[in-house]
Every structure is written in C-alpha cells, then in structure tokens.
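Following: one structure in structure tokens, then a few remarks.
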Protein chains: 2
Amino acid sequence: MEEIDRAIVAALTVDGRLSYTDLAEKVGLSVSAVHQRVRRLEQRGVVKGYAARVSFESLDLPLTAFVAIRPFDPSQPDDAPERLAHLPEIDSCYSVAGEDFYLLLVRVAGPADLERVLQEIRTSANVTTRTTVVLSTPYEHRPPKVAQPADQLRQRGVPAESPGS
Amino acid sequence: MEEIDRAIVAALTVDGRLSYTDLAEKVGLSVSAVHQRVRRLEQRGVVKGYAARVSFESLDLPLTAFVAIRPFDPSQPDDAPERLAHLPEIDSCYSVAGEDFYLLLVRVAGPADLERVLQEIRTSANVTTRTTVVLSTPYEHRPPKVAQPADQLRQRGVPAESPGS
DNA sequence: CGTGAAAATTCTTAATG
DNA sequence: CATTAAGAATTTTCACG
C-alpha cells in the first residue's frame, strides 16, 4: 500500500470521524481525491468499518479477563468459536499456538458474572478453562504505526490556501 | 446509565459513523436531542472516541502475538508499561493477576520482526517474556451487549412518520 | 431535557483535464 | 487518478416549551 493511503488509514485510526475536509488537508489532496481513496480503502477491506470506543466501566462491565480454553476431548471436532459466539460477554476469540487452543477476551460485571460465563463457556464448548484476571489496562487499542506521522505530507506541493467559491 | 443512552452507545459501537438522523430514528428522539445526548456521553467519557477498524494484514502486520512479561528483578520499581510505551508494535498492555505481571498484545510483520520486538521488550523493561502466537482470529472487538437491540425503542410513543418541513 | 427550524459544513456525485 | 464545481444531506446552533 502506498504512502498517502497509509497516512489516511493512520488518521482514521486515530479519529474515525475525521471529515474529508480535514483528511484532505492532512494528506495534501483535494476533498474528492481523499473521498475516492477512502471509498476504495473501504471496499478493498483495508478499512473494515468504524466504531465508537466506549468505557466499559460506564457500561457496567468493569471486569476484564483472559480465558484460555482447551478441549476436554481433543479427538472431537473443534468448533469452539462458533459454539461460543452466542455469549455476548466474549469480546474476542483468538486461535493460538501453544498449550491452549483458544484465548478469549471476556468483559463482565463482576466475579459472580465471570463465574457464570466460565460455566457457560465450559458447557457450551466442552472445554476446560484457565482464567487470567485483568487488574488494570495501562493502554489498549493503540493506533498501529503506519508510515510517518502524516503531517509532513501536507507541505509537499500543495498551497495551504483555500480557493473559496 | 439509562435506557436511551445505552441504545445510543450500542448503535455507535456497531457503526461509529451513524448520522444523527439515523440515530434519532433508532432511539425515537429528535435529531437535536440525540445530538445533545451524544455530546454529553462524549464529555462524560462514556464514549471515549471513534476509530476506524482496519485490516492489519493490509497494513503488513499479519502476525499477532500475546507476550506475557515478568520482571527479571521483582524488587525493582515496576514501570514496565511506560518503559514499553514507545514500541508501536504493542497494541495493548494489560496488568494481570496470576503468574505474569503484564500481558501485551503485539502486531508485527513476521517472525523476524517478532524476534526484534521481543528483544526490545526485554531490554527496555528488564523482563522475561513468554510468547503465544495467534494463528487466526475467529472474531475480535465484538460490540458489548448493552440493553435490548435498540430497535424496540422506536415504537414507543413516536410515530414512524417524518413530519416533513 | 425535548422540540423544531435555520445557518454553516460537509458529503456525494458529476463533468473535466 | 486528481481537480473543480454544484446539489443533497448532515451537523451545529438557537429560541422556545
């Protein structure tokens, strides 16, 4: 992927509601050009969507935990992800190398809720669980490094003046 | 938090770029009322921001791994998160209960890059690492369950007709 | 707090080089 | 592909209940 596209993606990762006007200024293109590029990035699947970042504490989900799971009977078909998908407390499901089969990220209201969810995980997927409770989150979902800060592109052949109508 | 706010948050979690027009229709309020509520949710910190959801494969970061870290010398002050913050490959940092001190989520270009990042983690924070490679991600960042589907609010005292201008 | 409407921006498309 | 221009839609603010 090329430089300007990376800058666009970087900017949208930091602020997914940036207007095309601001985006255009950041990357040094016209509004239409940026709009076209964003549309192409979206339909190519580079940008998969937009989401509000919310405080889970405010949503009464203050307890986060990682749950490593392992099938009780390794000879049976492994369809744990589908069988667990109905549990809304599961934020993410990663298939991993190592001793465990999957690593789940779950968010719940508290210890009692965690206990209930663990039981549901075990019975739904016929697995054993090993749980690691999160005590705090110094940082999460940081924007990936995608080329340079995207600010140095602005001064590359484009006058900062707006022509006006 | 009350019912309508939860519905708003739920909708924005699924689509962070929903227009206030659509949002207003979903929760059965006027555009202005919804706009006010979103602003309050933002400044109360319930909505912390908006971000584009991107494909890490497209960004040349196809390899994800969890890195559990433990201080080499537990008697020294534990400031690993700050000392690791400069590494852009670290997506998230969780302080955890259990045998390890922190669990890091890292995204890199490949095995060689992972090796480099692990070395940087060890030397930057004076820790030992135990790494779990992610093979695939069945699902990630699913929207949390926040009250009912937010569709049943619409038909609660509000005619679906648009009054027009 | 909610509503309705008006003004300022922005989004979106189309024509053009 | 990028640019400019123009109509449609949205965001944002305001006065009022």
Side-chain angles (χ1 to χ4, degrees), chain A residues 1-53 58 147 150 152-165, chain B residues 1-53 58 147 150 152-165:
Chain A
M1 203 172 54
E2 75 172 36
E3 194 179 23
I4 295 184
D5 281 339
R6 299 191 91 96
I8 291 174
V9 169
L12 288 179
T13 302
V14 175
D15 181 0
R17 278 200 138 173
L18 261 185
S19 71
Y20 294 114
T21 308
D22 291 344
L23 255 186
E25 193 188 343
K26 266 192 202 287
V27 304
L29 289 183
S30 69
V31 172
S32 301
V34 168
H35 189 249
Q36 273 183 78
R37 280 173 179 264
V38 171
R39 285 195 62 145
R40 285 192 52 195
L41 287 169
E42 287 171 352
Q43 67 186 40
R44 274 201 291 154
V46 178
V47 172
K48 294 190 292 186
Y50 304 86
R53 192 66 41 85
S58 305
Q152 300 179 327
L153 290 179
R154 224 176 14 191
Q155 54 211 19
R156 215 195 48 172
V158 173
E161 291 295 328
S162 73
S165 64
Chain B
M1 203 172 54
E2 76 171 38
E3 195 178 23
I4 295 184
D5 281 339
R6 300 190 90 97
I8 291 174
V9 170
L12 288 178
T13 302
V14 174
D15 181 359
R17 278 198 139 174
L18 260 186
S19 72
Y20 293 116
T21 308
D22 292 345
L23 211 46
E25 193 187 344
K26 266 191 202 287
V27 304
L29 288 182
S30 69
V31 172
S32 303
V34 168
H35 189 249
Q36 273 184 82
R37 278 173 180 266
V38 171
R39 288 195 62 144
R40 285 191 51 195
L41 287 169
E42 287 170 354
Q43 65 186 41
R44 274 201 290 154
V46 178
V47 172
K48 294 190 291 187
Y50 305 85
R53 192 65 42 85
S58 305
Q152 299 179 325
L153 289 179
R154 223 175 15 189
Q155 52 211 21
R156 216 196 43 173
V158 174
E161 292 294 327
S162 71
S165 62

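Just so we're on the same page: letters track the sequence lines, and every chain starts at 1.
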Rounded to the nearest angstrom, tell me the gap between atom [atom1] in [X] and atom [atom2] in [N].
X: A/Y20; N: D/dT10; atom1: OH; atom2: P; answer: 14 Å
X: A/E25; N: D/dA2; atom1: CD; atom2: P; answer: 18 Å
X: B/E2; N: C/dG2; atom1: CD; atom2: C1'; answer: 12 Å
X: B/Q36; N: C/dA5; atom1: CD; atom2: P; answer: 17 Å
X: A/I4; N: D/dT3; atom1: CD1; atom2: C1'; answer: 14 Å
X: A/L23; N: C/dT12; atom1: CG; atom2: P; answer: 13 Å
X: A/D5; N: D/dA2; atom1: CG; atom2: C1'; answer: 14 Å
X: A/I8; N: D/dC1; atom1: CD1; atom2: P; answer: 13 Å

Just call it for [X]: base, sugar-phosphate, or nothing, with non-hydrogen atoms closer than 4.0 Å on any strand.
X: A/R39; value: sugar-phosphate
X: A/S19; value: sugar-phosphate
X: A/S30; value: base

I'd like the C1' distance from D/dA15 over to C/dG2, given in whole Å.
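About 13 Å, rounded to a whole number of Å.
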Does CZ belonging to A/R39 count more than 12 external heavy atoms closer than 6.0 Å?
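No, CZ of A/R39 has 12 or fewer neighbouring heavy atoms, counting only those of other groups under 6.0 Å.
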Decide yes or no, distance alone: a donor-acceptor N/O pair under 3.5 angstrom between the base of D/dT4 and the side-chain of A/S32.
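Counting by modelled atom types and ignoring angles, a donor-acceptor contact under 3.5 Å is found here.
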Quick one: the side chain of B/T21 and the base of D/dA9, do they pair up donor-acceptor inside 3.5 Å?
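Checked by distance alone, the answer is no.
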Are A/K26 and A/D15 within salt-bridge range, i.e. N to O under 4.0 Å?
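No, this pair does not count.
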List, one per line, each side-chain donor-acceptor pair under 3.5 Å for residues 46-53 of chain B, sequence neighbours excluded.
unit_1	atom_1	unit_2	atom_2	d
B/Y50	OH	B/E42	OE2	2.7

In the structure I gave you, are the side-chain heavy atoms of A/Q36 and A/L29 within less than 4.5 Å of one another anywhere?
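A side-chain contact is absent here, since even the closest heavy-atom pair is not under 4.5 Å.
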B/H35 side chain near D/dT11 phosphate (N/O to OP1/OP2, under 4.0 Å)
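No, B/H35 has no side-chain N/O under 4.0 Å of OP1/OP2 on D/dT11.
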Is the NZ or CZ atom of B/R17 both under 6.0 Å from the centre of the six-membered ring of A/Y20 and within 45° of that ring's axis?
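Satisfied, under 6.0 Å and within 45°.
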If each of B/R17 and B/V31 is mapped to the nucleotide of DNA chain C with the nearest heavy atom, which maps nearer the 5' terminus, i.e. the 5' end?
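Looking at the nearest nucleotide for each, B/V31 comes out on the 5' side.
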